[in-house]
Amino acid sequence: MSNAFLYRMPSGIPGDISRPAHSTIEPVLLDPANPFGSYGQFGKIVAGKFVPIGSGDAAADVYGPYVRPYPTSGGAASDPLGTSTPPQGNGVGNVLRRGYMTVLLRAGAAALNGQVYVRVAAAAAGKPIGGIEAAADSANTIAVNARFMSAADATGNVEIAYNI
């Protein structure tokens, strides 16, 4: 059996570093009481631990996006992609401080060099707090120091350049 890409290849898996040679990644302590919903979401440092961006946070709070470790595919490392939250049990993870990553676009239409926004208020169906969007939504989103590198693929995955 073979797979054919008729128009374009998929962009990747949310949280994956897409250009490792051009990335700075650092280890961080995680807070098991405040887990990330998925890889590729932006986080902040609170009391020395890396936690998801939350309701009411400002752009200055952003520390970077949560990196998906390799090889893993889900919360139990054998779960299908997108079916569970990332594991937080050992309390250690990685954050992208500078570089390129695949993320899941929750709203809007990404375009080359388009601004990346993160939802911080007014969660709605398909638009969770911490979700990445391509359009400003009043005080409900914050602009982060990231740009889209293309349009999203058919599943909503798109590459971003963060802090470049």
Side-chain angles (χ1 to χ4, degrees), residues 11-18 23-69 72 74-75 81-152 155-164:
S11 287
I13 299 169
D16 271 355
I17 302 301
S18 51
S23 299
T24 302
I25 302 163
E26 66 183 44
V28 287
L29 293 175
L30 301 173
D31 184 354
N34 192 1
F36 281 82
S38 64
Y39 296 115
Q41 286 187 324
F42 283 86
K44 62 185 177 182
I45 300 292
V46 174
K49 295 186 178 178
F50 186 59
V51 298
I53 287 295
S55 194
D57 285 335
D61 298 327
V62 173
Y63 195 69
Y66 186 35
V67 174
R68 177 182 173 267
T72 187
L81 288 170
T83 61
S84 61
T85 59
Q88 313 253 335
N90 65 4
V92 178
N94 292 307
V95 61
L96 178 70
R97 295 293 287 144
R98 178 191 64 82
Y100 299 86
M101 174 185 273
T102 301
V103 297
L104 178 60
L105 180 63
R106 299 293 189 148
L112 178 61
N113 205 34
Q115 177 65 53
V116 175
Y117 297 91
V118 176
R119 181 157 294 273
V120 294
K127 295 180 179 182
I129 299 294
I132 295 171
E133 302 184 14
D137 182 11
S138 180
N140 299 327
T141 57
I142 55 173
V144 295
N145 190 13
R147 296 285 179 180
F148 290 107
M149 297 304 295
S150 67
T155 59
N157 296 323
V158 62
E159 183 185 41
I160 63 167
Y162 173 69
N163 217 12
I164 296 287

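The first residue of the sequence shown is numbered 1, and numbering continues consecutively from there.
Note: Arg119 CZ to Glu133 CD = 4.0 Å, rounded to the nearest 0.5 Å. For the atom pair CG of Asp137 and CG of Asn140, the computed distance is 4.5 Å after rounding to the nearest 0.5 Å.
The shortest heavy-atom contact between Ala152 and Val158 is CA-CB, 3.8 Å. Residue Gly40 comes nearest to Pro65 through the heavy atom pair O-CB, 4.0 Å, listed as atom of the first residue, atom of the second, then distance. In terms of heavy-atom proximity, Gly15 sits nearest to Met101 at O-CE, 3.6 Å. When all heavy atoms of Pro27 and Asn94 are compared, the closest pair comes out as CA-OD1, 3.5 Å. The minimum heavy-atom distance linking Lys44 with Pro52 is given by the pair CE-O, 3.7 Å. When every heavy atom of Phe42 is checked against every heavy atom of Ala146, the shortest pair comes out as CZ-CB, 4.4 Å.
Taking the side chain as every heavy atom from C-beta outward, Arg106 and Leu104 approach each other to under 4.5 Å. Side-chain contact between Glu26 and Phe50 is absent, with no heavy-atom pair separated by less than 4.5 Å. Residues Ile25 and Ile17 meet the side-chain proximity criterion, which asks for heavy atoms closer than 4.5 Å. Residues Asn157 and Ile13 have side chains not in contact (no heavy-atom distance under 4.5 Å, counting atoms from C-beta outward). The shortest distance between side-chain heavy atoms of Ile53 and Val120 falls below 4.5 Å. By the 4.5 Å heavy-atom criterion applied to side chains, Tyr39 and Asp16 are not counted as neighbours. With a 4.5 Å cut-off on side-chain heavy atoms, Val95 and Ile45 do not count as touching. With contacts defined as side-chain heavy-atom distances shorter than 4.5 Å, the pair Leu112/Ser150 does not qualify.
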- Message: Glu159 vs Ser18, test: side chain to side chain donor-acceptor pair (under 3.5 Å). Steps then yes/no.
- Response: CA-CA 7 Å; Glu159 183 185 41; Ser18 51; 2.6 Å; yes
- Task: Check the pair Asn34, Val46 against side-chain contact (heavy atoms from CB on, under 4.5 Å), reporting the backbone distance first and the verdict last.
- Result: CA-CA 11 Å; Asn34 192 1; Val46 174; over 6 Å; no
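When each of Leu96, Ile164, Asn163 is paired with Ser23, the side chain to side chain contact (heavy atoms under 4.5 Å, CB included) condition holds for Leu96 and for no other.
Listed for the Gln115 side chain is no donor-acceptor partner under 3.5 Å among the backbone atoms of Asn145. Formation of a donor-acceptor pair under 3.5 Å by the Arg97 side chain with backbone atoms of Tyr162 is not found in this model.
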